Amino acid sequence: MMTKLGIFPVSMKVRGKKIVIAGGGPEALAKARLAAKTDAHTIVVARKIFADFSGLDVTVLEQPFTDDLLDGAAMVFSGDEGPDADLAKAAARAHSIPLNVVDKPDECDFYTPAIVDRAPLSVAISSEGEAPVMARLVRAKIEALLPLSLGKIVKFTGGLRDKVEQTIHSGDQRRKFYQDLLASPKYEQLVADDRDQDAHLFADWLMQARAEGEGFVHLVGAGPGAEDLLTLRAQRVLQSADVIVHDQLVPDVIVEMGRRDAERVAVGKAKGRHSFTQKRINQMLVDFAKQGKRVVRLKSGDPMIFGRAGEEIAHLRANNVDFDIVPGITSALAAAADSETPVTLRNVSSGIVFATAHGADNQVVTHWASLAKSGISLGIYMGKSIIDEVADQLIAEGLTGSTPVGVVVNAGRENSSRYFGTLAGAAQLKEQLAEGPAIVFIGEAIASGNWQQFEAQIPQTLQVA
Ligand code: SAH
């Protein structure tokens, strides 16, 4: 059954009116903080004031509550129980002024939502007085999504309206222009820094591009697979995409974060699925951009690490397609986090090398061995299936068989698992590994991680059979 709202959210006008808060303690203070965000005349009244209201733009009256205080009041709060709270309650009811009694939902005419304040823009989150902590959690999420300078951006962008109408004639392209402009971290920064002239230049450039119907490609790192390891910028850019061209390794939940009507193309190589050659992917990006589309090329981890971004960038440059790059958390770093391994470690490891075992020849392995001998950690991508061969080669190059090896499968994901052994034991280690992409760490610093399986740390009683 569908739950209906017991409230109707509205935005109440308070400019030029009073907000009266009866109470002198922490409850009154909490409401005063909210009220002070507005330009209402906020009055706090109680015969005993014991919270510290200094620094808030409110009038504090240490006196008994009197009815005349409610003249011109838009709303009344009653808190901190006491004679003044009771008087204010009765008076508000008598004069039919909306009343909020702190922590007594049954006595309230209205609730105070959790507020995200980006004046003139505001977001109010209400749970009808139930589980207010949840409303605050939701607010924290929205806070993180909305830049602090959003209000400024709203105003500034409003000022562009006439020019946009004159420059871009297609409504569809205008919508795209606003979407791109507002999704651009660069524009956000310029406006936030009050660099109005540069912000205008940037907007003009984008306007021109939209007027000519030019597209844009974002190469975006999706991180290791958990949706909350995506950057805020990646999320924003995703929501502006007309087309999302994604690898198979990027989980659906992330691909789904784009607009519902965005086109989605899976181009990764996966068993049993049609796969695209790199050349074809390069051309696809250019073709979409030339159709005036905003393209997000979504790659797992970071796009610049074993992501074949080099070829895509070269092709975009050669075809004069504008692009930018949004970094992501590369899987080796997610693996280091999952296994609690400081891959650089004072007096043990002076660095980390991201390397691929894919197609590694003897010369490459010799080089790795010399790096590992000098105490540098190796973080090997695409090495899971040949971990034993690589280990043998490293031993042949003079590394000791007791050199630590750690493997993290499905790093950064819910089903992450970790394994620890030595170069000499690499073949056995390989036998145990779960399905999924893996990072292989080699080096002395790896032993300082926590290589117990996560499951082992969950109390027995909570484990699901
Ligand atoms: N651009 C990606 C790497 C792509 S190459 C990044 O920055 O992470 C593909 C290889 O990355 C896989 O063979 C595996 O070695 C590694 N990989 C990708 N996702 C992974 C994950 N969630 N856990 C462990 N390794 C992963």
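Not measured: the values here are computed from a predicted model.
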Discussion item. Please determine whether side-chain hydrogen bond (donor to acceptor under 3.5 Å, both in side chains) holds for the pair Ser416 and Asp338, giving the CA-CA distance in whole Å, both sets of side-chain angles, and the decisive distance to 0.1 Å.
Written reply: CA-CA 8 Å; Ser416 168; Asp338 283 2; 2.7 Å; yes
Worksheet entry | Val440, Val405, Leu423, Asp388 screened by side chain to side chain contact (heavy atoms under 4.5 Å, CB included) with Leu429, the one that passes | Val405
Discussion item. For a quick test of reading the model, state the closest non-hydrogen atom pair linking Ser331 to Ile439 and the distance between them.
Written reply: OG-CD1, 3.7 Å
Practice prompt. May I have the step-by-step check of side-chain hydrogen bond (donor to acceptor under 3.5 Å, both in side chains) for Glu397 and Thr366, ending in yes or no?
Written response: CA-CA 6 Å; Glu397 293 289 341; Thr366 308; 3.0 Å; yes
Discussion item. So, taking the atom named OG in Ser417 and the one named CG in Asn415, what distance separates them when rounded to the nearest 0.5 Å?
Written reply: 7.0 Å
Discussion item. When you compare the side chain of Leu34 with that of Thr112, does any pair of heavy atoms fall below 4.5 Å?
Written reply: yes
Practice prompt. Step through the shown structure and confirm whether more than 12 heavy atoms of other residues, nucleotides or ligands are within 6.0 Å of CD on Glu212.
Written response: yes
Worksheet item: So how far is it from Phe441 CZ to Ile380 CD1, rounded to the nearest 0.5 Å?
Response: 10.0 Å
Fill in: Spatial distance of atom CZ (Phe323) from atom CG (Asn320) [nearest 0.5 Å]
11.0 Å
Worksheet item: Less than 4.5 Å apart, any side-chain heavy atom of Val265 and any of Ile244?
Response: no
Worksheet item: Between Trp451 (side chain) and Ile446 (backbone), is there a donor-acceptor pair under 3.5 Å?
Response: yes
Practice prompt. Locate the shortest heavy-atom distance separating Ser170 from Gln173; write the atom from each residue and the value.
Written response: OG-N, 3.0 Å
Worksheet item: Counting only N and O atoms by type, is there a donor-acceptor contact under 3.5 Å from the side chain of Thr341 to the main-chain atoms of Ser339?
Response: yes
Practice prompt. Output yes when Asp204 and Lys163 qualify as a salt bridge under the 4.0 Å nitrogen-oxygen rule, no when they do not.
Written response: yes
Practice prompt. Search all heavy atoms of Pro251 against all heavy atoms of Gly225 and return the closest pair with its distance.
Written response: CG-O, 3.2 Å
Practice prompt. Answer whether the closest heavy-atom distance between the side chains of Arg317 and Ile313 falls below 4.5 Å.
Written response: yes
Discussion item. When you measure from the side chain of Asp302 to the backbone of Met304, do you find a donor-acceptor pair of N or O atoms at a distance under 3.5 Å?
Written reply: yes
Practice prompt. Answer yes or no: are there more than 12 heavy-atom neighbours, outside Arg161 itself, under 6.0 Å from its atom CZ?
Written response: no
Worksheet item: Quick one: do the Thr344 and Ser349 side chains pair a donor with an acceptor below 3.5 Å?
Response: no
Worksheet item: NZ of Lys290: more than 12 outside heavy atoms within 6.0 angstrom?
Response: yes
Worksheet entry | Note: Asp242-Arg259 ion pair, threshold 4.0 Å (strictly below) | yes
Discussion item. If we ignore hydrogens and angles and just use 3.5 Å, is the side chain of Asn450 paired with the main-chain N or O of Gln452 as donor and acceptor?
Written reply: yes
Practice prompt. Taking atom types as modelled, find out whether Asp162 and Gln166 have a side-chain donor-acceptor pair closer than 3.5 angstrom.
Written response: no
Discussion item. Can you confirm whether more than 12 heavy atoms, excluding those of Lys17, are under 6.0 Å from its NZ atom?
Written reply: no
Practice prompt. For residues Leu219 and Val326, determine if any side-chain heavy atom of one lies less than 4.5 Å from a side-chain heavy atom of the other.
Written response: no
Discussion item. Quick check for you: to the nearest 0.5 Å, what is the distance between Lys299 atom NZ and Ile325 atom CD1?
Written reply: 10.0 Å
Worksheet item: Do other residues, nucleotides or ligands put more than 12 heavy atoms under 6.0 Å from Arg233 CZ?
Response: no
Discussion item. Before you tell me yes or no, could you show the steps for Glu143 and Arg118 under salt bridge (charged side-chain N to carboxylate O under 4.0 Å, His left out), namely the whole-Å CA-CA distance, both residues' side-chain angles and the distance that decides it to 0.1 Å?
Written reply: CA-CA 9 Å; Glu143 283 279 1; Arg118 300 288 188 274; 2.8 Å; yes
Worksheet entry | Heavy atoms from other residues, nucleotides or ligands near CE of Met12 exceed 12 (cutoff 6.0 Å) | yes
Worksheet item: Between Val295 and Ala289, which heavy-atom pair has the shortest distance, and what is it?
Response: CG2-N, 4.0 Å
Fill in: Near-ring test His200/Phe202, centroid separation under 6.0 angstrom
no
Item to complete: Would you check if Ile115 and Ile125 make a side-chain contact, meaning some heavy-atom pair closer than 4.5 Å?
Response: no
Worksheet item: Would you call Glu312 and Lys279 a salt bridge, taking side-chain N to carboxylate O under 4.0 Å as the test?
Response: no
Item to complete: Please lay out, stage by stage, how Asp287 and Gln291 fare under the test side-chain hydrogen bond (donor to acceptor under 3.5 Å, both in side chains).
Response: CA-CA 6 Å; Asp287 291 344; Gln291 291 162 22; over 6 Å; no
Worksheet item: Where do Val409 and Ala438 come nearest, in terms of heavy atoms and distance?
Response: CG2-CB, 3.9 Å
Item to complete: Evaluate the side-chain hydrogen bond (donor to acceptor under 3.5 Å, both in side chains) criterion for residues Arg174 and His169: first the C-alpha distance (whole Å), next the side-chain angles of each, then the deciding distance (0.1 Å), finally the verdict.
Response: CA-CA 7 Å; Arg174 270 205 297 273; His169 303 298; 5.6 Å; no
Practice prompt. Taking atom CD of Glu263 as the centre, report whether more than 12 heavy atoms of other residues, nucleotides or ligands fall under 6.0 Å from it.
Written response: yes
Practice prompt. Please round to the nearest 0.5 Å and tell me the distance separating atom CZ of Phe156 and atom OG of Ser149.
Written response: 12.0 Å
Worksheet entry | CA sep, side-chain torsions, deciding dist, call: Phe110, Phe77, ring pair (Phe, Tyr, Trp, His ring centres under 6.0 Å) | CA-CA 10 Å; Phe110 67 93; Phe77 292 94; 5.6 Å; yes
Worksheet item: Arg297 and His246: side-chain donor and acceptor closer than 3.5 Å?
Response: no
Discussion item. Tell me whether Lys186 is salt-bridged to Asp324, with the criterion being a basic N under 4.0 Å from an acidic carboxylate O.
Written reply: no
Worksheet item: How far apart are the closest heavy atoms of Ser127 and Ala135, and which atoms are they?
Response: OG-CB, 4.1 Å
